[in-house]
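Structure record follows, encoded as structure tokens.
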Amino acid sequence: MLPKVYDPKPVEDKWSELWQKEKLFVSTVDKSKKAFVVVIPPPNITGALHMGHALNNSLQDSLIRYERMTGKEAYWVPGTDHGGIATQNVMEKMLRAEGKTKEDLGREKFLERMWVWYGECGGTILNQLRKLGCALDTSKDNVRFTMDETRAGSVFEAFRTLWEKGLLYRDERMINWCTRCETALSDIEVEYEEEKSKLWHIHYPLENGSRGLVVATTRPETMVGDTAVAVNPEDPRYKVLIGKKLKLPLTDRLIPVIGDTEVDLEFGTGAVKVTPAHDPLDFTIGQRHGLETIQVIDFNGKMINCPEKYKGKSVQAARKEILEDLKTGEFLEKEEQYKHSVGKCDRCKQHIEPLVSEQWFVKMKDLAAPAIAAAEKEEVKFYPVSWKKPFIDWLKNIQDWCVSRQIWWGHRIPVWYCLDCDKNTLPYVAGAASARTGESGVLLPGSRKGSNPILSMNTPEKCPKCGGHDLIQDPDVLDTWFSSALWPFSVFGWPKKTEELNYYYPTSVMVTGYEIIYLWVARMVMSGLEHMGRVPFSHVYVHGIIRDKHGKKMSKSLGNGIDPLTMIEKYGTDAMRFTILSQAIGGKDIPFSEEALVGGRNFVNKIYNVSRFIQMNLPETPRVMSAVPEDLELADEWILERYNKTLEKVRVSMTDYDIPASVGALYSFLWDEFCDWYLELAKPRLETADKYRVLGLLLHVFGGTLKALHPFMPYVTEEIFASLKPYLGSDKPFLLKEPYPGGGKTGSVNTEADMKKIMDIITQIRMVRAQLEISPAKNINALITSANEKDLELLKKHPGYITRLAKTDKLDIAPGLAKPPHAVTSLSGPFNIYIPVDGVVDLEKERSRIAKETEKLTAELFAADTRLQNENFVSHAPKEEIEKITLRKADAESRINRLREIAKDLAL
RNA sequence: GCGCGGUUAGCUCAGCGGUAGAGCGCCUCUCUUACACAGAGGAUGUCACAGGUUCAAAUCCUGUACCGCGCACCA
């Protein structure tokens, strides 16, 4: 006999290995079949998978397996992402642990280490995905990487196309700079967080030293880079000062007062210090008024171009000193408590420094327009729809995308410069190794205007203009999202016109968390339309974020993270998949706790034990037994009906990507209906001549349920299916090869209603047993009677159901039965149920039971009656509703009357 | 400031026009040979608040409060 408790580990190891070995998940171009394609959101190679990945991939796997079983050529394309800054930070951290920096290694050696890391981490991730049961063919030649050779080709092609269309350009702008990661970031890589700070009011005197203007600022340290003070030209307080010169405190510079309508009269003092080099708004004001831009903070976050005493100091240190000096000089007039949100690097949480710098940008407006149209026409359809509007709104307000990053790990910008042609325009310093670029010879961050970029995938042989060989490549790499944006077609070899690309593109659905809709989904849609002329996927299935049980984001620093692999160890993959799939409702965040897994584990165990029970009853010599027999009796028809309806519910839910509804339907069918009722009713029949017909149906329904559950819980279903296969008559090597069940026809219309009547009687008797504390071991007798003989026909056909499940010994079913002297009574629909009890009935208990019941029914009667009395209800409500209420009223009346009679009896 | 969610049993959440549901927890009984990771039964809810629409509202509309999340602003 098999053990009572299911042990997932050996089962999971066995099958995940076999699936890969037998190439179960391989997809090939098959034009006779409709393709169902999902491209994996490639996990960053930054470490182990987390709960978010578990959710994301469980959802995708469910879809892929489901669609494959419905007969589509389902292909789930595996891969990983190099993950730019995030991964480089991981490596830098590892180096730090060794007491090294990336500069110690130099660019080349550093990248070598990164590739070794890719080998390790990428492998780990694939391993973990296999453990999760993912239907991904992880053989080497099928796994993509955003930085492998093919993908590099895609990136170059995209870069070249955009460049040639003038959609990619280099310009000097104010960008977000992370002084920790030492790179520029795009706007969406900045997180804003509310912080408590101060608003400092500083007096800027007039040229002659007399009372000037008071500015309010949160960043006093930038004042050494001020080149003006702006006021609103309509401001009566300051209008007259426009054009006057102010003496910039702590320096000997004079700066003008300018008028600019962007200045808000209400805010602060109504006078703004203008630091074009370090504030986005000031930058535009500066451009408008032709102000000088003085960079006083460098790319390391240190002060430059300022009075000697602040030079080289960090921003924080400089702020402190400058404030002290302002106080000493009596320039500081006020300190106000102030809350404002501050930009932070989404990778390292360091404060973002707005800096002016020359970077590569992608022009977005033209790219966004077709994407907006596609979303509006729902060529890209969001599930849930509520993401449609935010998606479109974001695209409508899109800004150009800064795509250059000053890090080493990534696709190097495919642009070279000729040091001969451009020796006067390039900020090039030959010789000494550069810490920033890790190369000898430095291309400084300054302007390269006037130089001629040479576009080339590989190092050009020579300068096409002068034939010179002294070429230097742009030191920057591309934003990691640049390659991600191409993923839905780069995975199929684009720009090569491969057969795969032709067959699999556009893909079916993109499954992703809402946190990367703009960062990623929007860019894929734009790229797909731009480079392929078609949207990359027709559906976007948006899911939420896994949070801790209190709704807090899981994070390392909070220590509230749950490791999916530990959970798999403890509860099994199927249990974890079931749990998170059940909770992934409507794209909402999922509060997750370990306790929730218990339910999943129990369900897996339940499934396993059903199979134990069935197997116990099977003949030792296997033969095909699964069948829907002729001459079904009520319970058989009922379970088939429930089975068919459940499968239909699953089918409908799946078209809506409502996986929790699918999983939930199967759960309650198997547990509440199949196990709790049908199996219990089948047990005695297994001892009779009926045995093989019952077994046939048990196998049919359970086998089908296993298939239906397989997309969600692949391991346990595969394992059980394998052991039942000879009885089920399947010749398929794996469950995934089986067609998804469904489409069965339903039985007679009365089946469910009839069964419900019997179930209710059973429940009533059980209730009496429980209330009277009659031991389950003890059999009792019951009398069931009704005024209408016809009602009893149904029960007479199936006395065994009641005998078995209510554990009655002797069961009398007849019209007009009188209540035996020592008996308790219960009502079920039109039936009076009398249960004779030993000794004397506790009259008090019985009376109060009946009183309570009467009370409930009276309330019901009153409610029904009130509605029926209401003319409006009768004239407006649909017929069926009125009928329903009428019946309810009659039922309540009948029961109340019957209860009254019994009460009368009891009084005697 | 704009937008999007949420507010239902002790907890976590379904339901989204026709008599309030699940899982977990709690209470009672049962190791009845598939399963105690189980079975049977039970208790527990002014469905945030205020208006409105409707014969009928947890469900639709409007507003309010609180919680969360985006986006914008942030001198």
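Below, chains carry the letters A, B, ... as their sequence lines are ordered, and counting in each starts from 1.
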Show each protein N/O and nucleotides 15-21 of chain B N/O combination with a separation under 3.5 Å, one pair to a line.
{"unit_1": "B:G18", "atom_1": "O2'", "unit_2": "A:E881", "atom_2": "OE2", "d": "2.9"}
{"unit_1": "B:G18", "atom_1": "N2", "unit_2": "A:R867", "atom_2": "NH2", "d": "3.4"}
{"unit_1": "B:G18", "atom_1": "N3", "unit_2": "A:R867", "atom_2": "NH2", "d": "3.4"}
{"unit_1": "B:U19", "atom_1": "OP2", "unit_2": "A:R888", "atom_2": "NH2", "d": "3.1"}

Q: Both distances under 3.5 Å, Watson-Crick or G-U wobble: on that basis, could you give the dot-bracket string for RNA chain B, with [ ] for crossing pairs and | for other-strand partners?
A: ((((((((.[[[[.)..(..]]]].(((((.......))))).....[[[[[..)....]]]]])))))))....
State which of [options] makes the closest approach to the side chain of [X].
X	options	result
A:R547	B:C73, B:C13, B:C69	B:C69
A:W671	B:A34, B:G39, B:A40	B:G39
A:R766	B:G41, B:A34, B:C13	B:G41
A:N602	B:C37, B:C35, B:C74	B:C37
A:F267	B:C37, B:C74, B:C35	B:C74

Expressed as a whole number of Å, how far does the [atom1] atom of [N] sit from that of [M]?
N	M	atom1	result
B:C37	B:U19	C1'	35 Å
B:U7	B:U12	P	12 Å
B:U59	B:U54	P	16 Å

Q.
In terms of relative ring orientation, are A:Y514 and A:W387 parallel, tilted or perpendicular, with 30° and 60° separating the classes?
A.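 Correct class here is parallel.
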Q. Where do A:G586 and A:P384 come nearest, in terms of heavy atoms and distance?
A.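 Shortest heavy-atom contact: O-CG, 3.7 Å.
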Q: Grab the two heavy atoms, one from A:V231 and one from A:V257, that are nearest each other, plus how far apart they are.
A: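 Heavy atoms only, the tightest pair is CG2-CG1, 4.2 Å.
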Q: Round to the nearest Å and state the distance from A:Y518 atom OH to B:C4 atom P.
A: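 So the OH-P distance, A:Y518 to B:C4, works out to 12 Å.
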Q) A:N872 has an atom CG; how far is it from atom P of B:C55, in whole Å? A)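 Atom-to-atom, A:N872 to B:C55, this comes out as 6 Å.
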Q: With sequence neighbours excluded, tell me which residues meet ring pair (Phe, Tyr, Trp, His ring centres under 6.0 Å) with A:H340.
A: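 Partners of A:H340 under the ring pair (Phe, Tyr, Trp, His ring centres under 6.0 Å) test: A:Y338.
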Every protein N/O lying under 3.5 Å from an N/O of nucleotides 43-47 of chain B:
none

**Q.** Side-chain H-bond candidate by donor/acceptor type, A:N609 with A:N605, under 3.5 Å
**A.**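 Looking only at side-chain atoms, A:N605 and A:N609 do form a donor-acceptor pair, the distance falling under 3.5 Å.
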Q) Would you say the side chains of A:T854 and A:K852 form a donor-acceptor pair under 3.5 Å? A)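 On atom types as modelled, these side chains do not qualify, holding no pair under 3.5 Å.
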Q.
Assuming nearest nucleotide by heavy-atom distance, tell me which of A:D672 and A:D393 is located more 5' along RNA chain B.
A.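 The residue mapped nearer the 5' terminus is A:D393.
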Give me, pair by pair, the N or O atoms of the protein and of nucleotides 30-32 of chain B that are less than 3.5 Å apart, along with how far apart they are.
none

Q: Determine the contact category for A:S341: base if any of its heavy atoms lies under 4.0 Å from a base atom, sugar-phosphate if only primed atoms, P, OP1 or OP2 are that close, otherwise nothing.
A: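 It contacts base atoms.
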Q: Would you mind classifying the nucleic acid contact of A:K4 as base, sugar-phosphate or nothing, using non-hydrogen atoms under 4.0 angstrom?
A: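 It contacts sugar-phosphate atoms only.
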Q) With sequence neighbours left out, which residue pairs that include part of residues 591-610 of chain A fulfil the ring pair (Phe, Tyr, Trp, His ring centres under 6.0 Å) condition? A)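 Counting only pairs at least two positions apart or across chains, the ring pair (Phe, Tyr, Trp, His ring centres under 6.0 Å) contacts touching residues 591-610 of chain A are A:Y6-A:Y608, A:F578-A:F603, A:F603-A:Y667.
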